[in-house]
Structure formats: C-alpha cells, structure tokens
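Take a look at the structure set out below.
In what follows, chains carry the letters A, B, and so on, assigned in the order in which the sequence lines appear, proteins first and then strands, with residues in each chain numbered from 1.
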Amino acid sequence: MEYNFIEIEKKWRDHWRNQKIYKTEIDHSKPKFYVLDMFPYPSGAGLHVGHPLGYIASDIYSRYKKQKGFNVLHPMGYDAFGLPAEQYAIQTGTHPAVTTMENIARYREQMDKIGFSYDWERSFKTCDPDYYKWTQWTFIQLFNSYYCYDEQQARPIKELEEVFAQQGNKDLNIAQTEELHFTAKEWNEYDEEAKQRVLLNYRLAYLADTWVNWCPKLGTVLANDEVVRGVSVRGGHKVERKLMKQWMLRVSAYAERLLQGLEKINWSDSLKDIQRNWIGKSEGAFIRFPIEGREETLDVFTTRPDTIFGVSFMVLFPEHDLIQKITTPEQKQEIDAYMKWTASRSETERQSEVKKVSGAFTGAYAIHPFTGEKIPIWIAEYVLAGYGTGAIMAVPAHDSRDYAFAKHFNMPIKEVIAGGDISEEAFESKEGICVNSDFINGMNVKEGGRVVIQKVVDMQIGYATINYRLRDAIFSRQRYWGEPFPVYYKNGLPYMIPESELPLELPEIDKFLPTEDGEPPLARAKNWHTREGYEYETSTMPGFAGSSAYYLRYMDPHNNDEYFSKESNEYWQNVDIYVGGSEHATGHLIYSRFWNKFLYDLGLCVKDEPFEKLINQGMILAYSQFVYRILGENRYVSYGLKDQYDTTPIHVHVDLVHNGVLDTEAFKVWQPEFANAEFILEDGKYRCGSEVEKMSKSKYNVQNPDDLVEKYGADTLRMYEMFLGPLELSKPWDTNGIEGVYRFIRKFWKLFFDRDNNLVISDGEPTADEYKVLHKTIKKIEEDNERFSFNTGVSTFMICVNDLTEKRCNKRKILEPLVVLLSAYAPHISEELWSLLGNQESVYFATFPQYEEKYLIESEHNYPVSFNGKTRFQRAFPLDMQPKEIEGAILQDAETQKWLDGKTPKKVIVVPGKIINIVF
RNA sequence: GCCUUGGUGGUGGAAUUGGUAGACACGCGGGACUUAAAAUCCCGUGAACAUUGCGUUCGUGCGGGUUCAAGUCCCGCCCGAGGUACCA
C-alpha cells in the first residue's frame with residue numbers, strides 16, 4: 001500500500017465526525033484538563049498558515065494529555081461581533097450576520113482539513129442570542145453591584161442602599177467615580193431620581209461623562225487598548241478627545257487584585273510585566289493645597305512627597321474644573337486662548353509633539369502648606385485628566401517634565417535632594433539626602449517622604465495613597481454589530497430590563513449607518529423594545545464583551561437557564577492552558593481576568609483566575625520574493641547581477657519560486673504583462689531576492705494552508721508548522737523545508753511495508769538496541785510535549801525513524817507504541833496505521849506508551865553513579881573530579897556492579913563531572 | 001527614556017540543572033541506481049592549517065571576570081525585536 005494521504009485523511013476525517021470521537025463529557029473518574037485557543041474573529045480573507053500555528057500546538061497538547069489519562073476539554077468557537085463585518089455591511093448592504101456566517105463556514109472547512117480534535121458540539125459564536133444573553137446578564141449583575149475595598153470583592157448594590165439609609169456614606173471604603181458626602185438623613189430625603197443618580201457613582205457598570213477616544217472615521221468611541229500612538233488599532237484612523245456620556249466598567253476597582261493575581265499564574269514574565277505596567281501601581285500621597293483668597297483647594301497626587309519643599313509651581317490639566325473659578329481677569333484671555341488651542345488638538349497631534357512645552361498662567365496662587373509661600377498655578381497639556389487628580393505639584397529640580405517646563409517659562413528650580421547636578425537636567429533618582437527642606441533636612445528620600453506624609457495627615461490636608469494607571473473601561477460603542485444593552489431610560493436615568501426578558505435581541509434595521517442626527521445605527525430600529533414610551537440604549541457593547549468569559553460557556557454551552565451549571569464549573573474549573581498571541585496582553589487578557597473575578601465574587605465560578613498557564617505563539621511572517629526589472633524594459637535580471645543595471649524590484653508570487661530560483665516559464669504565464677519577459681540569468685538560473693514582511697495579498701506572499709494540505713497532507717503541514725521553530729518565536733514562513741517533513745512521514749510509513757508495499761509486521765521480540773531507541777524516543781517526546789517544545793519533538797521522531805530504518809526494524813512491539821506517540825502530531829496517518837495493526841478503537845483513545853527503565857538507562861549520558869551512598873542515573877559527578885581516564889575505579893560499588901552485570905569496563909573516560917564513554 | 005526579550009554555521013534552529021557546541025532539517029557539493037529524469041539511498045558540509053589513519057588551532061554579538069569546566073553565571077558595552085510612554 002502506498003502512502004495516499006488524500007484518501008487516508010478524508011477517510012479518518014469522516015470517521016471522526018460520524019463517530020463523534022471528540023465529543024467530551026464530564027467524567028468524574030478522570031482528572032480534567034482544559035486546553036483553549038483564543039477563538040478567532042472570522043474575517044473574509046480566510047485562514048493563512050499563521051493562524052493554525054497555535055491551534056496545532058494546542059491540539060497536539062490536547063491529544064497528548066488525553067493519552068496521559070486526562071479528560072480533556074478542547075473547544076473552539078468564534079468571536080463574531082466586530083467592525084469589519086459592519087464596515088462591509090455599510091458598503092454593500094449585506095447583513096453582517098450573513099457575512100459572518102459565510103466566513104465561519106469557510107473557517108470551519110479549513111480547520112476541519114487540519115484534523116483538530118475540537119469538540120464541535122460545544123462550539124458557539126458570540127453573536128448567538130443564546131450566548132449573548134449571558135453577556136447581557138453579566139452586565140446587569142455589574143450594574144447591580146458595587147466594589148467594597150475592605151472586603152476586596154463586589155457586593156450587591158442593595159446592601160449599599162441599606163447602609164446609606166442608616167449611616168450615609170461616611171467612612172465607606174468603596175470604589176466610586178467621584179467623592180460624594182451625604183448623611184443618612186440626606187439620603188432618606190432624596191427622591192428616587194436623586195438616589196439613582198447617587199448609586200451610579202458606585203455601580204460596577206455605570207454611566208458617566210468621560211473624556212473618551214472618539215474616532216470620527218469609525219463613528220465610535222474606543223477603549224485605551226484599542227488606540228495605539230493616537231490612532232485606532234483597526235484601520236489606523238485619527239482619534240480625538242471628546243466628553244461623552246458613556247457606559248463604563250469599573251475595572252479600576254479590581255486593580256489590586258488583577259496585580260496580585262499575576263503572582264499565582266503561570267504566564268511568561270514579559271507578559272506579566274506588560275500587565276503590571278498597564279495596571280501601573282504607584283504609591284504616593286494625596287496633598288491638599290489651599291488657594292490664595294479662595295475657599296476651593298487644589299488637590300494633587302504625588303509619588304514624591306519628599307520633594308515638597310522644591311515645589312515652584314502647580315499645574316492643572318487644561319479642562320480642569322477649577323480653571324474657570326480661579327483664573328484672574330488679567331489672565332483670562334491667555335487662558336481661554338490656550339484652552340481653545342488644546343481643545344482643537346487631536347490625540348494624534350498631542351502624542352506626536354510630546355516634547356514640545358506649552359502652558360498658560362491662571363494668575364492664581366496656591367499656598368505652600370509648610371512655608372506659606374505663594375506658588376503660581378498654571379495649566380498645561382502635559383498634565384493628564386485621567387490620572388491622579390488631574391493636577392500636580394511641579395518640582396523642576398527632580399522631575400524632567402517639570403524641569404523642561406520651568407526652563408521654558410523661566411521659573412525657579414530649587415534643589416531639595418542632594419546628589420545630582422541640576423544645572424543641566426533634573427535629578428530624578430530616588431536615592432539621596434533631603435536638603436533645603438526644613439524639618440526633613442538630612443533624611444533620606446524614603447524617610448523624608450514618610451515624615452511629610454505624617455505631617456500632612458496631622459494637619460488634615462492629605463494622606464498616603466495608592467494610584468493606578470489602569471482606567472475604567474469604556475463599554476459603549478456607537479455601532480450596530482454588537483450586543484445590545486439591556487437598558488431603558490426613565491427621566492434620563494438608566495434601568496435594566498428584567499432578566500426574564502433576556503436575550504434582548506439585536507433588531508433588524510434598514511441601514512447600518514448612524515442616523516442623520518448622529519445617533520448610533522440602533523436608533524433606526526422600530527418597535528424593538530417592548531417598553532412603549534421609554535427611551536432605550538442605542539449603543540452596543542464592545543468586542544471584548546463577548547470574548548471576556550467565553551471560556552466559561554464552553555463548559556456548559558447549551559444551558560438556557562444559567563450561564564453554566566455549577567456542576568460543570570466545579571468539574572472543569574478554569575483553563576489549564578491558554579494559547580494565543582501576545583497582542584491581547586492589555587485588552588482581552590485584562591478584561592477576561594476582571595470579568596472572571598467579578599463572576600467569582602458573585603459565587604458563580606470556583607476559580608478567581610481564568611487562565612492558569614498562558615502560551616504566546618509568535619507571529620508567522622513571510623518571505624516576499626522579488627524579480628528585478630530593468631528600467632523601461634521587459635527584461636529581468638537575476639539577483640546577483642542586478643547592481644549592474646538600473647532596476648526596480650517587483651513582488652512575484654512565492655509559488656513561482658523554489659529555493660530562491662524563479663520558474664521562468666510559470667512567471668511568463670502568471671500575468672499577461674510578463675508573457676514576453678526576457679531574463680538575464682546567473683549560473684543558468686534566475687535567482688530572486690527576498691525580504692521578510694507580513695503576510696498580505698498585495699505582496700503575493702500569503703501561504704494558504706489548503707494548498708499545502710492538498711500537496712503534502714494535513715499531517716505533514718501539522719508537523720512542519722511545529723518544526724519551523726519554537727512556538728513563541730515570530731518567524732518567517734518558509735515552505736522549502738516542508739519536503740523534509742514529508743520525507744519523514746513517508747519513511748515512517750515505509751517501516752510498515754516491504755518493497756512491494758505489503759504490510760509486513762513482525763511479532764518478534766525486539767533487541768535491546770531497538771528497545772533503547774523506542775524508550776529514548778518516548779522519554780524525549782514526553783519531555784518535549786510537557787514544555788511545549790514541539791519543534792524538538794518533531795526532530796526526535798525523525799531521529800528515531802532514521803534509526804529504525806537503518807536497523808530495518810519492523811517489529812510490532814516497537815512500532816505500535818510509536819504510532820500512539822505520533823498520533824498527537826500526525827493523527828491521520830497514525831489512525832490508519834493503528835487500524836492496519838488490527839486495532840478496533842481509534843488511536844485517539846490509546847494511552848501514552850510507557851517505557852521500561854532497564855533499557856532507558858543504557859542511553860548515552862545516563863550512567864549509574866554512586867554518590868553519597870545512593871546510586872542515581874545522572875550525568876554529573878562530584879565537583880572535585882579532574883579530567884582523566886579512570887580504569888574501573890568509580891564503578892566498583894555493589895549497585896553499579898549489578899547494573900554492569902558481570903561486565904568489567906576496560907576504561908571509563910570522564911571529563912570533570914561527566915562520563916564521556918565507557919569502554920568494555 | 002523605561003520595561004521585557006533575544007544575538008549560535010550559507011539558512012531555520014538543537015544544546016532541559018554550567019559538563020563532547022552546532023542535534024534535526026533545509027540548502028549546497030560528491031556518489032549509487034537509471035538510456036535519461038523524477039523518486040530513493042549513501043557520503044561530505046563551522047573556520048583555518050595539516051592530511052594516507054589518527055590530527056592541531058580558533059570558534060556561540062564585543063570587552064572583562066568567576067570556575068577544573070561558560071552559549072549557559074557575574075560586570076561593562078554594541079545591535080535587533082516586542083511592549084509602553086508627558087502616569088506626577
């Protein structure tokens with residue numbers, strides 16, 4: 001029998017589907033293991049070879065874990081709400097649901113061809129009403145909760161109402177939008193509307209006027225993680241700052257837990273660091289400065305209370321509430337002009353001119369709490385609205401931004417920490433001795449800071465506090481293709497529709513554009529909400545709403561009464577291995593952790609963290625190939641000779657190039673303009689130039705997995721994608737090496753057949769040498785699998801097969817375990833060989849082969865060594881050993897003799913610490 | 001700027017706790033089979049020198065250090081990739 005992968009793969013694909021081999025159910029007799037891929041957004045372009053990289057790795061691991069006796073949950077679904085389908089709908093009028101369904105069908109077809117072991121019965125897409133019902137449900141729970149810092153968890157808002165009625169909001173340590181003060185009496189006298197308004201200040205999903213990233217081109221607001229360097233991640237459009245009433249999620253309340261949680265999960269340090277930076281915890285002090293001649297105070301947050309004697313001016317962000325109140329008539333014009341100027345500047349402009357100093361003086365002065373000095377109050381763009389109090393005390397001697405500002409506007413720079421030279425630049429070190437600083441002179445920075453904080457506490461003008469960079473997430477999008485909010489409005493205040501009415505389905509509308517008066521597309525919907533006479537929310541939820549807890553839904557995807565059953569969650573717990581790209585570090589992976597922690601607080605799920613271990617697969621780039629056209633001619637010159645001519649490089653389709661050599665005939669046929677092309681060759685060949693770029697249609701470098709599956713088979717593709725290099729690394733796709741893997745697969749196949757392609761398997765007892773090969777392979781593959789090192793895993797197989805081919809080994813006792821071993825990597829061929837060996841059940845259910853140590857120990861580098869009275873199989877010898885040849889000396893104890901089995905080694909060659917060879 | 005990574009043959013990459021650096025594969029060169037090609041198989045392939053068998057020296061971005069032993073650990077640089085950036 002020839003190795004006919006087309007037939008074999010189709011046969012087993014059908015078999016797996018028909019027999020529902022990959023159906024997973026709760027099984028308390030086995031330990032669970034949950035392996036998850038980040039589900040894809042089904043785009044119109046289909047999958048290219050980069051997409052399946054992570055899926056193949058997780059599939060190998062799932063199959064491996066299954067073989068080790070775990071009950072493995074390995075699901076797949078689609079992140080189906082999103083901008084591209086909606087943009088397409090606006091252009092063509094095709095409903096996003098239609099586009100999405102088509103794309104999903106294509107994705108599914110492509111994935112099926114690669115032989116994944118997903119349990120497709122658990123699959124769903126985020127735009128299914130059955131699914132987003134629970135996204136909406138969670139939103140309602142967020143709305144009905146507040147966050148208690150003392151308990152470090154979310155609590156029902158009802159509880160808070162009772163507390164307010166009894167004691168007002170004094171001394172409550174809870175998350176809030178702004179600081180309010182009211183007594184129980186005041187609360188009880190509020191009418192319903194006023195109470196609701198106050199409660200919004202504490203809800204975990206709340207409505208507030210916020211400065212948002214508004215993208216006019218996309219017609220919607222964007223979250224911080226959706227904006228990079230002042231432009232939108234999707235499309236790269238300009239983003240403006242705008243004050244809008246938006247739904248927000250109080251993610252910031254969870255900042256500390258999100259930070260702490262990182263300690264107990266197994267993610268890469270770099271990813272944890274990205275999250276730590278994003279959360280941005282900084283310890284410092286809140287200090288209240290009096291303003292000369294006014295009742296209002298100027299509140300600042302600083303991490304350097306020790307530098308308070310170096311303050312030479314104060315700065316507010318340009319839209320700060322205080323500005324209108326404190327600006328003096330003389331300065332009014334200047335301030336107004338400055339505010340007008342900053343308002344006109346887009347986020348993009350601001351970001352690109354970070355180094356440029358600008359600002360204006362309000363004419364007002366703050367009073368230094370210790371010295372009584374007058375400190376001028378300025379406004380400037382470099383102070384941010386969303387961080388701290390939106391106001392700073394500027395200490396130019398010890399902060400480079402304040403330094404630049406002081407230099408530019410000619411303000412005093414006063415050294416208060418010794419150790420630097422402030423004549424040229426700010427001294428920002430946090431080590432040093434306080435000078436020119438009254439009662440903290442001579443103390444070090446830390447101590448000085450402590451004393452200052454103590455002092456402001458005594459004076460009741462401040463306290464030590466912690467600030468986080470993490471902001472609340474903007475949760476409204478002015479788009480159609482997303483989850484509708486289960487919200488209606490009464491007198492401008494939001495109310496949730498009852499849970500019994502969920503899901504609130506997305507209505508049909510005639511056009512997907514915003515309305516003429518700028519309302520989101522949903523405002524076009526007619527007779528949608530059943531509540532006549534009330535306004536309803538016309539925004540929809542952002543992309544991360546549906547993707548924040550989808551992994552929980554896989555545990556119990558068809559449950560219509562609950563998000564997921566208690567039983568299923570107690571069994572599956574959380575994701576053991578999560579595989580996906582690191583581009584989600586500050587978006588999805590923060591929101592998911594937040595969402596999960598909230599559900600944990602509700603008592604819905606048993607685990608506080610959603611993803612125990614995270615594997616980041618690298619991006620697959622592509623080599624683009626170039627030909628060099630001589631300027632103004634239809635002649636093309638080979639890469640090595642191109643410098644002798646005046647040429648332009650032209651992208652050429654990668655399929656026309658093999659190992660850097662252009663197939664000139666195919667090139668002529670490729671496009672009409674090349675039909676009469678002439679070539680200047682080197683060594684009789686046309687060599688192309690190449691460059692590493694992202695995969696893109698226009699660069700003719702996209703590699704489609706379907707083509708490769710057709711040419712080499714899915715098993716070869718799977719193994720080759722793994723063989724390419726370490727999973728985490730970004731690397732260029734290079735089809736050239738795939739032949740090597742293909743050769744290996746056929747070589748493996750040939751072990752089972754004779755010259756005439758008859759199955760010939762011997763039942764003979766393998767030799768010790770053959771066992772050694774097998775056991776070494778098993779041990780190595782197991783190690784490679786456990787650390788997700790599938791590139792070395794593939795190599796291990798190759799070495800083993802080369803070895804067995806040389807030994808002409810066709811013994812069942814060797815080959816059968818190898819088939820099981822290989823089935824995680826190359827399931828189709830393994831399944832075929834497994835059944836040819838006479839097995840009835842699918843190889844998917846076979847257990848991982850065990851090895852016997854007696855053969856293993858004979859492998860190189862593992863020798864029994866007696867040390868401290870124990871015999872171990874190890875490489876290293878005691879440290880005092882010198883390099884030499886030892887004649888029998890170290891192998892004389894009883895244990896070692898037993899292993900040597902009467903044989904006497906002639907000579908043992910060691911380098912210090914390691915045996916190189918034993919000569920018998 | 002700050003944080004995180006990484007730098008090994010012509011190429012992708014091995015080397016798990018410091019222990020024969022370059023596994024495995026591609027490419028390249030040579031050979032066998034063949035009328036020929038494809039396929040397959042075998043040999044060689046870090047560099048330099050030496051060469052009829054052993055062989056010698058140098059080699060993991062650069063410069064130092066620790067160690068019997070360093071790609072791996074420490075100190076100081078250089079370069080690349082990713083993240084982040086007026087976060088007070």
When syn is taken as a glycosidic angle within 90 degrees of 0, is B/G9 syn or anti?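 With its glycosidic angle within 90° of zero, B/G9 counts as syn.
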A/Glu583: what forms a side-chain contact (heavy atoms from CB on, under 4.5 Å) with it, not counting sequence neighbours?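 side-chain contact (heavy atoms from CB on, under 4.5 Å) check on A/Glu583 returns nothing, list empty.
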Residues forming a side-chain contact (heavy atoms from CB on, under 4.5 Å) with A/Ala666, sequence neighbours excluded: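 A/Leu656, A/Asp663.
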Report the residues that fulfil side chain to side chain donor-acceptor pair (under 3.5 Å) with [X], sequence neighbours left out, ordered by chain and then residue number.
X        : result
A/Asn4   : A/Glu7
A/Asp734 : A/Asn736
A/Ser270 : A/Ser268

Of the nucleotides [options], which has the atom closest to the [X] side chain?
X        : options             : answer
A/Glu783 : B/C86, B/U84, B/U16 : B/U16
A/Asn802 : B/C24, B/U84, B/C41 : B/C24
A/Met798 : B/U16, B/G13, B/C24 : B/C24
A/Asn277 : B/C3, B/C24, B/C86  : B/C3
A/Thr792 : B/A14, B/U84, B/A25 : B/A14

Using atom C1' of each nucleotide, how far apart are B/U57 and B/G6 to the nearest Å?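 Comparing C1' positions in B/U57 and B/G6 gives a spacing of 31 Å.
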Using a heavy-atom cut-off of 4.0 Å across all strands, would you classify [X] as base, sugar-phosphate, or nothing?
X        : answer
A/Ile274 : sugar-phosphate
A/Lys356 : base
A/Ser270 : sugar-phosphate
A/Val383 : base
A/Asp273 : sugar-phosphate
A/Arg471 : base
A/Asn467 : nothing
A/Asn791 : sugar-phosphate

Residue met sooner reading RNA chain B from 5', once A/Glu739 and A/Ser795 are mapped to nucleotides: A/Ser795
Residue mapping more 5' on RNA chain B - nearest nucleotide basis, A/Ile799 or A/Leu729: A/Leu729
Going by ring-ring contact (aromatic ring centres under 6.0 Å, His included), name the residues that satisfy it together with [X], two or more places apart in sequence or in a different chain.
X        : value
A/Tyr720 : A/Trp733
A/His368 : A/Phe309, A/Phe370
A/Trp267 : none

Given [N], is OP1 or OP2 found less than 4.0 Å from the side-chain N or O atoms of [X]?
X        : N     : answer
A/Arg746 : B/U40 : yes
A/Ser282 : B/A88 : yes
A/Asn736 : B/G12 : no
A/Asn616 : B/G82 : no
A/Arg743 : B/U40 : yes

Do any N or O atoms from the side chain of A/Thr297 and from the backbone of A/Asp299 form a donor-acceptor pair under 3.5 angstrom?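 Such a contact is absent between A/Thr297 side chain and A/Asp299 backbone.
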Which pairs, protein N/O on one side and nucleotides 73-75 of chain B N/O on the other, fall under 3.5 Å?
none

Taking all non-hydrogen atoms of both residues into account, name the closest pair between A/Thr342 and A/Pro318 and its distance.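 In terms of heavy atoms, the two residues are closest at OG1-CB, 3.7 Å.
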Secondary structure of RNA chain B in dot-bracket form (Watson-Crick or G-U wobble, distances below 3.5 Å, | marking inter-strand pairs): (((((((..(((......[....)))((((((.......))))))((((.....))))..(((((..]....))))))))))))....
Between residues 718-726 of chain A and RNA chain B, which residues have a heavy-atom gap below 4.0 Å? A/Phe723, A/Leu724, A/Pro726
Indicate whether any N or O donor in one side chain lies under 3.5 Å from an N or O acceptor in the other, for A/Lys281 and A/Asn467.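 Short answer, no.
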Check the angle between the aromatic planes of A/Phe748 and A/Phe752 and answer parallel, tilted or perpendicular using the 30° and 60° thresholds. perpendicular
Sequence neighbours left out, what passes salt bridge (charged side-chain N to carboxylate O under 4.0 Å, His left out) with A/Asp399? Give chain and number order. A/Arg401
